[in-house]
There are 2 protein chains.
Amino acid sequence: MDSDLSIAVLGLLSLRPLSGYSVRKIFLTTAWKSFSSSPGAIYPALNRLEAAGLSKGSVEKGETLRPRKIYALTKKGESTLKQYLAKPVTREDIIWRLNSIPLRFAFMGTHLEKERVLDFLTGLTTELNAYVDSLVAENKSLENEMPFCSQAAFRLGLENLRTHVRWAQKTYNELKDKKEI
Amino acid sequence: MDSDLSIAVLGLLSLRPLSGYSVRKIFLTTAWKSFSSSPGAIYPALNRLEAAGLSKGSVEKGETLRPRKIYALTKKGESTLKQYLAKPVTREDIIWRLNSIPLRFAFMGTHLEKERVLDFLTGLTTELNAYVDSLVAENKSLENEMPFCSQAAFRLGLENLRTHVRWAQKTYNELKDKKEI
DNA sequence: TGCAGCATGTAACCTGTTACATGATTAG
DNA sequence: CTAATCATGTAACAGGTTACATGCTGCA
C-alpha cells in the first residue's frame, strides 16, 4: 500500500477528487511522467486505496454499464498521507527511495505546517551529508584500482546526492522567510 | 531479463566470476547499495541469466549437499552486455530509468571503445537537454498556480537532470584526452 | 561443542508491465 | 455513421520483498 504510485495517487486525490482517467492524464502530461500511467497500474492502485478505506469512489451516472467513478480521500486517507509526509528521512530512504523525496515534498505545503516542512529539510540535509561522507570514506581505498568509467559513475551518484543537499538548503532558506506556503 | 538488477549482475560477472554470495556482499558493502542484496532477488536473477545462456555456473566441491556455485559470463552474455551498453540513451531511459545511467556507464570502459563511450555521453547530453527544455516549456504556464512546495519539488527534478548534463560534459572532456580507459 | 558467519535457496505475496477487451461520447 | 477520444477494466506474466529454511566452516 506504500508504493510510490499509491502515494502519488493519494497526494493527487488530496488536492481534489479525480477519476482514474484524470490521474492517468496527469501522469502522462505533466512533470509526474515517471509514474506509470498504464491502466493496469492506476485502476488496481485506486481499488487498493479504496479497499484500505483511504479513498471513496462515487459513481457519476450510475445507470450505465461502464460508470465513471470519481475518487476522493477519506479522513483516514488524509491522516495516512499526513503521517507519511511527516516521517523523517532515513538513510534507507536515501539509498532505496531517493526518487520519492520530491514526491513527498510536493504535497507537504498543503498538509504540514511550515515548521514541519523546515524540519524535514533539515533532517534530509543531515542524512544526505552523513551518507555522502560515508560513501566517500568507503571508496577512498578502492579509488585507485577502479577503472575510469566506474569512478565516473560513482562521482555521478555523489553529485546527485550533493544536488539534493544544495536544493534542500536553498529551499530551506526560501521557505523560512515565507509567510504562507 | 533486463531489470537493473540483472544488468548489474551481468556487469559484475563480466569483471570476474562470482558466487551469489559475493554478488550479495558487493551490493551490501560498496557504492552499489541501491541494488537488492536479498537472496530472494539475487539467486533467481543468477538462475535467469544462466537459463538464458548468458552465464554458466560451475560447482566448486560438488560432493556436498549445498554446493558453492561460481558464475561466469558466457560469450553470449558478454555480447548481450556489450549490446545493452552500446544502445543510445532515449527519452524513455531518462524518464523511467535515470538510475540505470550510472550503472551502464560503470561497465562501459571495460567493454566499449573510447569512441563509443564518447558517443554515449554526447547522446546523453543531447537527450537530457531536450527533455529539460520540454519540461520547462510544459511548466511555464502552470508555474504561477503551483504551491511553493510543488514548485520546489519540480525544481529538484530539474536540478537532478542538469547535474547529469554537467557530469556528462565534464566526463566527456576528461575522457577525450585520455589514452587508455 | 556451539556459535558466528559463510552460503544457498524457496514460497507467499505484492505490484507494475504488456496486451487485450469493452463501452460511452463527441466531432466531422 | 464512424472514427477518435474518453474511460474503465482484466489476465498473464515478471521480478522484487519478506520471511523462512537449511547446510557448511572455522574458531574459541
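Lettering of chains follows the sequences in order, A, B, ..., and the numbering in each one begins at 1.
For the pair A:Asp4 and B:Pro39, nearest-nucleotide mapping onto DNA chain C gives the more 5' position to B:Pro39. Comparing B:Arg24 and B:Trp96 by the nucleotide of DNA chain C whose heavy atom lies nearest to each, the residue mapping closer to the 5' end is B:Arg24.
Spacing between atom CG of B:Asp2 and atom C1' of C:dT18 amounts to 13 Å, rounded to whole angstrom units. The NZ-C1' distance, from B:Lys25 to C:dT8, rounds to 14 Å in whole Å. Taking atom CD1 of residue A:Ile26 and atom C1' of nucleotide D:dA7, one finds them 15 Å apart after rounding to whole Å. One interatomic measurement links the two molecules: CZ of A:Phe35 to C1' of C:dT17, which rounds to 17 Å at whole-angstrom precision. The CD1-P distance, from A:Ile70 to D:dC6, rounds to 15 Å in whole Å. A straight line from OH of B:Tyr43 to C1' of C:dC6 spans 9 Å, rounded to a whole angstrom. Atom pair A:Arg48:CZ and D:dG9:C1' shows a separation of 15 Å (rounding to whole Å applied). Atom pair B:Leu28:CG and C:dC6:P shows a separation of 11 Å (rounding to whole Å applied).
Here B:Ser38 lies in heavy-atom contact (under 4.0 Å) with a base. Counting non-hydrogen atoms under 4.0 angstrom, B:Ser6 reaches nothing in the nucleic acid. In this structure, B:Ile42 reaches neither bases nor backbone, as no heavy-atom distance under 4.0 Å exists between it and the strands shown. Residue B:Gly20 is in sugar-phosphate contact alone, with no base atom involved, counting any heavy-atom pair closer than 4.0 Å across all strands shown.
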Just do the ring-ring contact (aromatic ring centres under 6.0 Å, His included) check on A:Phe27 and B:Trp96 with the steps written out, would you?
CA-CA 12 Å; A:Phe27 288 160; B:Trp96 290 314; over 10 Å; no
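Proximity of B:Ser3 to the phosphate of D:dG16: a side-chain N or O atom is located under 4.0 Å from OP1 or OP2. The side chain of B:Tyr21 places no N or O atom within less than 4.0 Å of a non-bridging phosphate oxygen (OP1 or OP2) of C:dT8.
The backbone N or O of A:Asp4 sits nowhere less than 3.5 Å from a side-chain atom of A:Ser100 that would complete a donor-acceptor pair.
Ring geometry for B:Trp167 versus B:Phe105: interplanar angle over 60°, hence perpendicular rather than tilted (30 to 60°).
Checking D:dT17, D:dG9, D:dA7 against every side-chain atom of A:Arg68, the shortest atom distance belongs to D:dA7.
Side-chain heavy atoms closer than 4.5 Å link hydrophobic residues (I, L, V, M, F, W, Y) into clusters, and following such links, possibly through other members, connects A:Leu156 to B:Leu98. By the criterion of side-chain heavy atoms lying less than 4.5 angstrom apart, applied directly or through intervening Ile, Leu, Val, Met, Phe, Trp or Tyr residues, B:Val9 is not grouped with B:Leu28; the two fall into different hydrophobic clusters.
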